[in-house]
Amino acid sequence: MVRLYSLAVLHRNEQGSPQLLKAAYDLSSFGFFQRSSVQEFMAFTAKILTERTNAASRQSVKQGEYMCHIYVRGDGLCCVLTADHEYPQRVAHTLLTKVLDDFAARVESSLWSEGNAACAAYSGLEASLAKYQNPREADALTKVQEELDETKIILHNTIEAVLQRGEKLDDLVSKSQGLSDASKMFYKTARKTNSCCNFGR
């Protein structure tokens with residue numbers, strides 16, 4: 001089944017450190033008690049991908065049964081979409097472009113680094129996440145746009161390929177201050193049961 005799980009807007013400062021400005025989630029397919037850990041892990045993954053994606057470029061990264069699509073603009077504004085494997089890549093990247101253009105038009109760039117109330121008040125993510133759940137409907141909208149950009153979309157087989165040489169996802173999870181102990185335990189349990197960070201499914 002074609003499905004979108006999360007859509008997040010982040011800003012990466014000059015030092016490369018990302019800050020989550022706004023996110024929307026559709027976690028209805030997960031168990032009630034898993035949702036907070038899944039949400040934390042999706043936000044954590046969005047930050048890792050934002051750190052490791054070059055400015056003015058796009059990537060699609062496979063992680064278990066999920067695809068994380070990311071677009072980092074030249075000005076440091078980023079968008080990360082978590083979907084299933086069946087979601088069309090072209091539609092995903094069109095959505096990323098539209099979300100960032102809309103966000104930039106509604107929230108002044110001077111406010112991006114602060115992550116203040118103006119960023120929190122942005123209401124476009126929930127509507128976009130709901131509208132693009134059906135890629136066929138969204139695809140009709142994207143036919144007007146013949147090309148996404150001339151940037152290269154890189155498909156990596158696993159998130160491990162995005163990490164710097166010698167880094168391990170397990171090490172990043174254990175060192176992360178952005179994940180609660182419950183989320184770290186959730187990750188370890190999922191890893192042991194060979195779910196390999198499939199966000200709890």
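Predicted, not measured: the structure shown is a model, and the values here were computed from it. By convention here, the first residue in the shown sequence is residue 1.
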Legend entry - Side-chain donor/acceptor of Lys184 to backbone N/O of Ser176, under 3.5 Å: yes

Inset, instruction - Check whether any side-chain heavy atom of Lys47 sits under 4.5 Å from a side-chain heavy atom of Pro18, and report yes or no. - result: yes

Inset, instruction - Find the distance between CZ (Phe41) and OG (Ser6) and round it off to the nearest 0.5 Å. - result: 12.0 Å

Legend entry - Check: Tyr5 ring centre within less than 6.0 Å of Tyr66 ring centre: yes

Legend entry - Hydrophobic cluster membership, Phe30 vs Met185, 4.5 Å side-chain cutoff: no

Legend entry - Spatial distance of atom OG (Ser109) from atom NE2 (His11) [nearest 0.5 Å]: 8.0 Å

Inset, instruction - Look up atom OG in Ser37 and atom CG in Leu179, then write down how far apart they are to the nearest 0.5 Å. - result: 9.0 Å

Legend entry - Candidate list Asp101, Leu10, Leu100, Val107, test side-chain contact (heavy atoms from CB on, under 4.5 Å), partner Leu77, passing option: Leu100

Legend entry - Flag, side chain of Trp112 to backbone of Ala104, donor-acceptor distance under 3.5 Å: no

Inset, instruction - Keeping the roles fixed (side chain from Glu40, backbone from Ser180), state whether a donor-acceptor pair exists under 3.5 Å. - result: yes

Inset, instruction - Sort out for me which residue in Leu7, Val72, Val80 forms a side-chain contact (heavy atoms from CB on, under 4.5 Å) with Leu96. - result: Leu7

Inset, instruction - To the nearest 0.5 Å, tell me how far Asp26 CG sits from Leu129 CG. - result: 6.0 Å

Inset, instruction - Name all residues meeting the ring pair (Phe, Tyr, Trp, His ring centres under 6.0 Å) criterion together with Tyr25; count only those two or more places apart in sequence or in a different chain, and write none if there are none. - result: none

Inset, instruction - Could you walk me through whether Arg58 and Thr97 pass the side chain to side chain contact (heavy atoms under 4.5 Å, CB included) test, one step at a time? - result: CA-CA 10 Å; Arg58 301 171 182 271; Thr97 300; 2.6 Å; yes

Legend entry - Least distance between heavy atoms, Gly74 atom then Ala55 atom: CA-CB, 4.4 Å

Legend entry - Considering all heavy atoms, the nearest Gln39-Leu27 contact: CB-CD1, 3.7 Å

Legend entry - Considering all heavy atoms, the nearest Val9-Leu125 contact: CG2-CD2, 3.8 Å

Legend entry - Salt bridge flag under 4.0 Å for residues Arg106 and Asp102: yes

Legend entry - Whether His69 side chain and Cys79 backbone form a donor-acceptor pair below 3.5 Å: no

Inset, instruction - Check the pair Arg3 / Gln133 against side chain to side chain contact (heavy atoms under 4.5 Å, CB included), numbers first and verdict last. - result: CA-CA 6 Å; Arg3 188 159 191 90; Gln133 283 292 347; 4.0 Å; yes

Inset, instruction - Provide the closest heavy-atom pair for Ser128 versus Leu95 in the form atom of the first, atom of the second, distance. - result: CB-CD1, 3.9 Å

Inset, instruction - Output the distance between atom OG (Ser29) and atom CD (Gln34), rounded to the nearest 0.5 Å. - result: 9.5 Å

Inset, instruction - Measure from the side-chain N and O atoms of Glu51 to the backbone N and O of Gly16, and report whether any donor-acceptor pair falls under 3.5 Å. - result: no

Inset, instruction - Check for a donor-acceptor pair, side chain of Arg12 on one end and backbone N or O of Thr50 on the other, with a separation under 3.5 Å. - result: yes

Inset, instruction - State the NE2-CG distance between His93 and Leu81, to the nearest 0.5 angstrom. - result: 8.5 Å

Inset, instruction - Taking Lys62 for its side chain and Met67 for its backbone only, find out whether a donor-acceptor pair lies under 3.5 Å. - result: no

Legend entry - Heavy-atom side-chain contact between Cys119 and Phe103 under 4.5 Å: yes

Inset, instruction - Mind listing the closest non-hydrogen atom pair of Ala92 and Tyr87 along with its distance? - result: N-CE2, 3.8 Å

Legend entry - Closest heavy-atom pair and its distance - Leu20, Ala43: CD2-CB, 4.2 Å

Legend entry - Side-chain donor-acceptor pair present, Thr45, Gln63, cut-off under 3.5 Å: no

